[in-house]
Amino acid sequence: MRIIAGLEIPDSGQVSLSGMDVTNISTQKRDIGFVFQHYALFKHMTVEKNIAFGLEIRKKNKQFIQQKVLELIDLVKLSGYEKHFPDQLSGGQRQRVALARALAAEPQVLLLDEPFGALDAKVRDNLAQWICEFHDQQQITSVFVTHDQNEAIEIADKIIVINRGKVEQIGTAREVYENPKSKFVASFIGQVNVIDAVVKNDKIFLKNSDQMIDADRQHPDGDAVLLVRPEDVKVHTEFQENTFPALLEKIHYRGSHYEIDCNMSGYSIKIVENKKDGFVELMENKTIVYLKFADFRLFSAGKGHKDIREKLQKLGYIE
């Protein structure tokens with residue numbers, strides 16, 4: 001983001017805005033708004049003074065500034081707070097002031113650097129919903145950096161997953177979540193169960209077992225890793241074809257759904273079940289259930305299961 005804004009010089013490549021190469025153009029001439037994680041508001045200035053600051057630096061006339069500030073205050077729904085100082089506002093209100101200040105100069109690109117990072121969960125959700133509606137109204141190209149996958153999925157038209165400086169995948173939220181192109185993307189976006197498997201003659205077996213997970217999958221023979229989303233693990237109370245026995249260890253009530261912990265042949269399996277599925281309420285802890293994988297992603301294990309697990313665990317996003 002600092003490279004896009006012109007605060008850092010790239011070692012290679014170029015930065016283009018609306019098709020124009022701005023790599024060697026100063027920050028002031030790029031027409032970019034920047035919203036920081038910790039607001040960066042001037043504590044000694046009121047809401048209206050904070051928003052007006054950038055316009056005053058550009059020596060706009062007072063009447064224009066006054067009109068612009070009123071429009072922005074109304075836009076970010078802070079009417080009545082014009083004379084308040086930052087320490088008189090909530091976290092969500094301060095972030096909206098920071099957004100209004102960034103918009104005052106009418107930027108062609110808006111950069112948001114983890115803008116909800118300092119807010120509690122409920123405020124984050126409300127502000128995320130508000131910023132979606134706001135963005136639809138303003139139609140400003142925005143780059144939103146976040147480590148919160150739920151935020152990215154809710155807000156973004158396009159998601160770019162970056163791993164140690166390398167772009168792993170670009171796509172819509174659905175494309176990235178349902179069709180990950182790499183093990184990293186599958187493990188980073190949302191929760192996932194990691195299961196060691198072996199492929200033999202297009203049949204997938206649980207590692208060290210004759211239990212078949214699936215057939216007719218064209219995949220090279222050898223060690224593989226199965227990545228299964230918790231919502232794609234289906235729980236049955238009785239044995240069915242292609243199901244695996246598992247010990248039900250705990251059921252977590254999450255309001256709108258259940259999260260279930262099971263042990264399947266030594267693997268810890270997390271499952272998400274709809275609260276409306278009444279059979280969940282009938283289950284007792286430490287009972288045997290039967291699991292079926294409705295969907296999954298299969299990746300070759302490279303040098304072996306141990307090697308790939310170590311790599312995934314180093315990234316900190318798995319299990």
If we ignore hydrogens and angles and just use 3.5 Å, is the side chain of Lys83 paired with the main-chain N or O of Gly80 as donor and acceptor?
no
Got more than 12 heavy atoms from elsewhere within 6.0 Å of CD, Glu238?
no
Heavy atoms of other groups near Gln139 CD, more than 12 under 6.0 Å
yes
Minimum heavy-atom separation for Val69 and Glu48, please, with both atom names.
CG1-CB, 3.8 Å
By the definition side-chain contact (heavy atoms from CB on, under 4.5 Å), identify the one residue from Asp74, Leu75, Leu70 that meets it with Leu72.
Leu75
Is the backbone of Pro86 close enough, under 3.5 Å, to the side chain of Gln88 for a donor and an acceptor to pair up by distance?
no
Glu249 side chain vs Asn263 backbone, donor-acceptor pair below 3.5 Å:
no
Interatomic distance, CD@Glu151 vs CD1@Ile153, rounded to 0.5 Å, equals 11.0 Å
Closest approach of Leu291 and Ala246, non-hydrogen atoms and distance?
CD1-CB, 3.7 Å
Please answer whether the main-chain N or O of Gln108 pairs with a side-chain N or O of Asp31 as donor and acceptor at a distance below 3.5 Å.
no
Side chain to side chain, Leu298 and Val199, heavy atoms closer than 4.5 Å
yes
Going from CD1 on Ile51 to CZ on Arg101, what distance comes out if it is rounded to the nearest 0.5 angstrom?
9.5 Å
Between Lys207 and Asp223, is the salt bridge (charged side-chain N to carboxylate O under 4.0 Å, His left out) condition met? List the steps.
CA-CA 8 Å; Lys207 180 71 173 177; Asp223 287 346; 3.2 Å; yes
CZ/Phe296 to CD1/Ile195 distance, rounded to the nearest 0.5 angstrom?
9.5 Å
Are there more than 12 heavy atoms of other residues, nucleotides or ligands under 6.0 Å from atom NZ of Lys181?
no
Could you go through Leu247 and Thr287, starting from their C-alpha distance and side-chain angles, then the distance that decides it, and tell me whether this counts as side-chain contact (heavy atoms from CB on, under 4.5 Å)?
CA-CA 6 Å; Leu247 182 66; Thr287 58; over 6 Å; no
Looking only at atom types and distance, does a side-chain atom of Ser142 sit under 3.5 Å from a main-chain N or O of Ile140, one as donor and one as acceptor?
yes
Is there a side-chain contact (heavy atoms from CB on, under 4.5 Å) between Lys270 and Val192 once you walk through the steps?
CA-CA 8 Å; Lys270 288 193 176 293; Val192 68; over 6 Å; no
Transitive ILVMFWY side-chain link Tyr81 to Leu41, under 4.5 Å
yes
How about Val109 and Leu17: do any of their side-chain heavy atoms sit closer than 4.5 Å?
yes
Given side-chain contact (heavy atoms from CB on, under 4.5 Å), test His252 with Tyr258 step by step and report yes or no.
CA-CA 6 Å; His252 307 273; Tyr258 293 100; over 6 Å; no
Evaluate Asp232 against Lys234 for salt bridge (charged side-chain N to carboxylate O under 4.0 Å, His left out), listing each step before the verdict.
CA-CA 6 Å; Asp232 290 329; Lys234 303 306 176 186; 5.4 Å; no
In terms of hydrophobic clusters joined by side-chain contacts under 4.5 Å, are Val167 and Val176 together?
no
side-chain contact (heavy atoms from CB on, under 4.5 Å) assessment of Tyr267 paired with Leu206
CA-CA 11 Å; Tyr267 295 101; Leu206 197 64; 4.1 Å; yes
Is Ile159 linked to Ile170 within one hydrophobic cluster, defined over Ile, Leu, Val, Met, Phe, Trp and Tyr using a side-chain heavy-atom separation of less than 4.5 Å?
no
Counting only N and O atoms by type, is there a donor-acceptor contact under 3.5 Å from the side chain of Arg30 to the main-chain atoms of Ile25?
yes
Do Phe64 and Leu55 have side chains that approach each other closer than 4.5 Å (heavy atoms only, starting at C-beta)?
yes
Considering non-hydrogen atoms only, spot the tightest contact between Asp21 and Ser16 and give its length.
CA-OG, 4.2 Å
Using only heavy-atom distances, determine whether the side chains of Asn179 and Arg297 contain a donor-acceptor pair under 3.5 Å.
yes
Working to the nearest 0.5 Å, report the span between NE2 of His236 and OG1 of Thr243.
7.0 Å
For the atom pair CG (Leu78) and CG (Leu89), what is the distance rounded to the nearest 0.5 Å?
7.0 Å
Donor-acceptor contact present, side-chain Ser182 to main-chain Val185, <3.5 Å:
yes
How close do Cys262 and Ile271 get, counting heavy atoms only, and between which atoms?
SG-CD1, 3.8 Å
Applying salt bridge (charged side-chain N to carboxylate O under 4.0 Å, His left out), run through Lys250 and Glu259 and close with a yes or a no.
CA-CA 8 Å; Lys250 195 161 187 180; Glu259 289 182 10; over 6 Å; no
Mind checking whether Phe34 and Pro107 have side chains closer than 4.5 Å, heavy atoms only?
no
Side chains of Gln169 and Phe184 in contact at under 4.5 Å (non-hydrogen atoms):
no
Taking the side chain as every heavy atom from C-beta outward, state whether Leu111 and Val145 have any atom pair closer than 4.5 Å.
no
Looking at side-chain heavy atoms only, is the closest gap between Ile65 and Glu56 below 4.5 Å?
yes
For Phe42 and Phe53, take the angle between the two ring planes, folded into 0 to 90°, and tell me which bin it lands in: parallel under 30, tilted 30 to 60, perpendicular over 60.
tilted
Does the side chain of Glu114 come under 3.5 Å of the side chain of His147 through a donor N or O and an acceptor N or O?
yes
With a 4.5 Å cut-off on side-chain heavy atoms, are Ile260 and Leu248 touching?
yes
Phe239 side, atom CZ; Phe244 side, atom CZ - distance, nearest 0.5 Å:
9.5 Å
Could Arg229 and Phe293 be counted as a cation-pi pair, given that NZ or CZ must be under 6.0 Å from the ring centre and within 45° of the axis?
no
Tell me, yes or no, whether the heavy-atom count around Gln66 atom CD, taken from other residues, nucleotides or ligands under 6.0 Å, exceeds 12.
no
Establish whether Leu7 and Ile3 are linked, either directly or via other cluster members, by ILVMFWY side-chain heavy-atom contacts under 4.5 Å.
yes
Shortest non-hydrogen separation from Gly13 to Thr23 and the atoms involved
O-CG2, 4.4 Å
Between the side chain of Glu175 and the main-chain N/O of Thr172, is any donor-acceptor distance below 3.5 Å?
yes
Heavy atoms of Ile269 and Met264 approach each other most closely as CG1-CB, 3.9 Å
Ala5 backbone acceptor or donor facing Thr27 side chain under 3.5 Å
yes
Any side-chain to backbone donor/acceptor pair from Asn50 onto Met45? Under 3.5 Å, distance only.
yes
